[in-house]
Amino acid sequence: MKKNMGILDRTLRVVAAILVSVLYFTGTITGTVALVVLGLGVVFLLTSLVSFCPLYTVVGISTCATKK
């Protein structure tokens, strides 16, 4: 797996995952929507930890800084 996520992208995904988990565990969001959003938060957290997003590969995007 070649890294395709930059630091800003990874940071924003972690912040989004934390926000979603706080909203879920405080009961602000509930029901099916809450479970779907929580699942998305887990995916965001996992992809940021490994610096690889499979969707970026399909679309051909990379937010990593290029080395010169």
Side-chain angles (χ1 to χ4, degrees):
M1 263 186 320
K2 183 178 178 186
K3 293 182 179 183
N4 63 1
M5 291 176 58
I7 296 203
L8 179 62
D9 191 12
R10 292 174 60 201
T11 304
L12 290 175
R13 285 176 183 243
V14 169
V15 168
I18 291 170
L19 178 65
V20 165
S21 64
V22 166
L23 291 174
Y24 179 78
F25 289 114
T26 59
T28 304
I29 55 176
T30 58
T32 305
V33 173
L35 293 175
V36 171
V37 173
L38 187 63
L40 186 62
V42 168
V43 170
F44 276 1
L45 186 62
L46 290 175
T47 56
S48 66
L49 290 176
V50 296
S51 300
F52 178 77
C53 179
L55 185 60
Y56 281 6
T57 303
V58 172
V59 179
I61 297 173
S62 177
T63 59
C64 279
T66 57
K67 294 182 181 180
K68 292 184 178 181

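Remember, predicted model here, so these are calculated numbers, not experimental data.
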field: Beyond-backbone contact of L8 with T63, side-chain heavy atoms, under 4.5 angstrom
entry: no
message: Tell me if the CD1 atom of I7 is crowded by more than 12 foreign heavy atoms within 6.0 Å.
response: no
Indicate the atoms forming the closest heavy-atom contact of [X] with [Y], along with that distance.
X	Y	answer
S48	R10	O-NE, 2.8 Å
K2	F52	O-CD1, 3.1 Å
C53	T47	CA-CG2, 4.5 Å
A17	L45	CB-CB, 4.1 Å

- prompt: What's the spacing between L49 CG and R13 CZ if we round to 0.5 Å?
  reply: 11.5 Å
Transitive ILVMFWY side-chain link [X] to [Y], under 4.5 Å:
X	Y	value
L35	V20	yes
F44	L12	no
L55	V43	no
V33	F25	yes
L46	V14	no

